[in-house]
Amino acid sequence: MKESYYDFGLVGLGVMGRNFILNVADKGFKACGYDLDPEQVKALVSEGGDLSRVNATDDIVKFVTSLQKPRKIMLLVPAGKIVDSVIESLVPHLAKNDIIIDGGNSYFTDTDRRESYLSSEGIHFFGAGVSGGAKGARIGPSIMPGGSQSAYKEVKAIFEAVAADFEGEPCVAYLGPKSAGNYVKMVHNGIEYGLMQLTSEIYDILKRAAGLNNDELHQLYADWNRGRLQSFLVEISSEIFTKKEDGDSEPLIDLILDKAKQKGTGKWTSQNAMDLGIPVPTIDVSVSMREISALKEDRMAAEKLFPKKAPTPIKKEKLSQLAEEALYFSFIITYAQGMHQLSEASKEYGYELDLATIAKIWRAGCIIRAALLEDIAQAYQEEKTLENLLLAASFANKIKSTVGSARELVSYAVTNGIPLPGLSNCLAYFDAYSSGRLPLNLIQAQRDYFGSHTYERLDKEGSFHTEWE
Ligand code: 6PG
């Protein structure tokens with residue numbers, strides 16, 4: 001293996017790593033992969049086809065010495081302790097100013113810890129969220145790098161070449177210092193959880209209340225994907241409804257167990273929002289719904305105890321129209337919550353995030369890509385300090401013209417015992433956020449009554465306590 005030859009190194013030749021390094025090689029860069037598993041090494045070498053473009057080894061010394069300095073080494077390995085052990089195995093062979101990039105879904109405080117450790121060794125480190133799954137890694141993901149800007153400059157050309165492209169603009173941009181990249185990816189996944197929950201709720205009510213079959217669902221989601229709901233998740237849902245496995249008598253979707261799993265990134269979003277005091281109720285309930293779905297046996301027992309009535313009849317056309325508008329409304333609300341979290345976290349952690357840039361690099365390649373992101377990017381471009389999308393003039397009409405259908409759909413669902421926790425949460429968030437007066441004055445009074453926690457008044461400054469009894 002030639003020394004100081006390859007432009008870019010990648011550790012972890014699993015699904016994401018193999019696809020990413022092939023993408024790098026396709027874009028004309030010389031890339032070398034490393035994995036402890038010789039089978040993964042062999043698979044890449046044979047798929048790459050030309051050792052001068054893409055090579056791989058299970059020998060870490062050969063791997064490191066094959067890279068031109070300053071070495072650029074990207075990790076695509078599972079988040080957690082594996083990242084630390086890979087770093088430990090690399091450090092003894094690296095030189096000052098070499099660069100390690102963590103492309104996994106690492107928790108942002110782990111990235112901060114790793115950066116300070118590695119900078120004490122003279123090595124640059126930054127986290128870059130990579131979104132789009134295996135296909136995205138192969139043909140163009142959205143990449144969310146943060147951390148050392150000087151280090152990023154060394155890989156900028158490679159990242160811009162491999163990233164997805166939206167109308168000529170690469171879906172990658174330096175997002176800010178420290179763990180900004182991993183934090184943005186985490187919130188991306190929180191929004192992802194929300195959008196997935198909402199698309200699943202709409203599928204459920206269309207099926208349960210109006211009896212749409214899989215072909216009708218396929219067609220409806222495909223129609224929506226040609227309009228303002230154009231998005232990766234609506235698009236793949238349409239395809240999922242009619243997918244059939246060989247030998248199966250019915251579409252696969254109807255045979256899949258309704259217990260959702262989670263690797264944790266959505267939960268982290270929700271936990272951190274709670275820590276920072278930022279309301280993201282739709283993301284919160286999306287995590288809870290995955291947990292409720294896991295209680296399959298309990299749900300089967302409860303269904304026997306509390307049998308559902310047949311839903312009030314409703315015409316397919318009527319329900320489909322309500323569903324489209326309610327889904328559009330709730331997509332807006334979910335992005336609004338995620339962007340608000342990014343805005344507040346940026347202040348808290350000093351990330352210097354530019355929300356317009358983030359919306360722009362999400363327009364292609366990533367899981368939450370959607371036509372809506374163009375409008376979101378424009379809203380933050382027009383108003384850099386926009387507190388919340390709900391306060392953007394350009395979104396007022398979108399919301400006003402669809403909130404009525406969201407109300408009607410949620411009312412129908414509540415009346416008929418069909419769970420729409422995501423959609424109803426979006427509605428409650430909107431109604432609370434647009435209420436100048438909320439009944440939490442009573443909570444303040446209660447707190448002061450039993451805990452003497454004091455309260456403030458509308459008509460005068462200061463904190464007050466009352467002897468209520
Ligand atoms: C992406 C996805 C990806 C996600 C996994 C599993 O942006 O490509 O968000 O990174 O983490 O698909 O996610 P869950 O197991 O948490 O649903």
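Both ligands and their constituent atoms are indexed starting at 1 by order of listing. Computation of the quantities below employed the complete heavy-atom set of this structure, encompassing side-chain atoms and omitting hydrogens, waters and symmetry-equivalent molecules.
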**Student:** Decide, yes or no, whether a salt bridge links Arg363 with Glu374 under the criterion of side-chain N to carboxylate O below 4.0 Å.
**Tutor:** yes
**Student:** Does any pair with a residue in residues 422-432 pass side-chain hydrogen bond (donor to acceptor under 3.5 Å, both in side chains), and if so which ones, sequence neighbours excluded?
**Tutor:** Asn388-Tyr429, Arg407-Asp431
**Student:** Apply ring pair (Phe, Tyr, Trp, His ring centres under 6.0 Å) to Tyr6 and list each qualifying residue two or more places apart in sequence or on a separate chain.
**Tutor:** none
**Student:** Would you please name every residue forming a salt bridge (charged side-chain N to carboxylate O under 4.0 Å, His left out) with Lys296, sequence neighbours left out?
**Tutor:** Asp258
**Student:** Could you state the interatomic distance from CD (Glu39) to CG (Leu44), rounded to the nearest 0.5 Å?
**Tutor:** 13.0 Å
**Student:** Dump the intermediate steps for side-chain contact (heavy atoms from CB on, under 4.5 Å) on Asn189 and Ile368, then the final yes or no.
**Tutor:** CA-CA 8 Å; Asn189 280 33; Ile368 65 168; over 6 Å; no
**Student:** Report each N/O pair between ligand 1 and the protein that falls under 3.5 Å, naming both atoms.
**Tutor:**
residue: ligand 1; atom: 7 (O); partner: Ser131; partner atom: OG; Å: 2.6
residue: ligand 1; atom: 7 (O); partner: Lys185; partner atom: NZ; Å: 3.0
residue: ligand 1; atom: 8 (O); partner: Gly132; partner atom: N; Å: 3.0
residue: ligand 1; atom: 8 (O); partner: Gly133; partner atom: N; Å: 3.3
residue: ligand 1; atom: 9 (O); partner: Lys185; partner atom: NZ; Å: 3.3
residue: ligand 1; atom: 9 (O); partner: Asn189; partner atom: OD1; Å: 3.1
residue: ligand 1; atom: 9 (O); partner: Asn189; partner atom: ND2; Å: 3.1
residue: ligand 1; atom: 9 (O); partner: Glu192; partner atom: OE1; Å: 2.5
residue: ligand 1; atom: 9 (O); partner: Glu192; partner atom: OE2; Å: 3.2
residue: ligand 1; atom: 10 (O); partner: Asn105; partner atom: ND2; Å: 2.9
residue: ligand 1; atom: 10 (O); partner: Lys185; partner atom: NZ; Å: 2.9
residue: ligand 1; atom: 11 (O); partner: Asn105; partner atom: ND2; Å: 3.0
residue: ligand 1; atom: 11 (O); partner: Asn189; partner atom: ND2; Å: 3.2
residue: ligand 1; atom: 15 (O); partner: Lys263; partner atom: N; Å: 2.9
residue: ligand 1; atom: 16 (O); partner: Tyr193; partner atom: OH; Å: 2.4
residue: ligand 1; atom: 16 (O); partner: Lys263; partner atom: N; Å: 3.1
residue: ligand 1; atom: 17 (O); partner: Arg290; partner atom: NH1; Å: 2.9

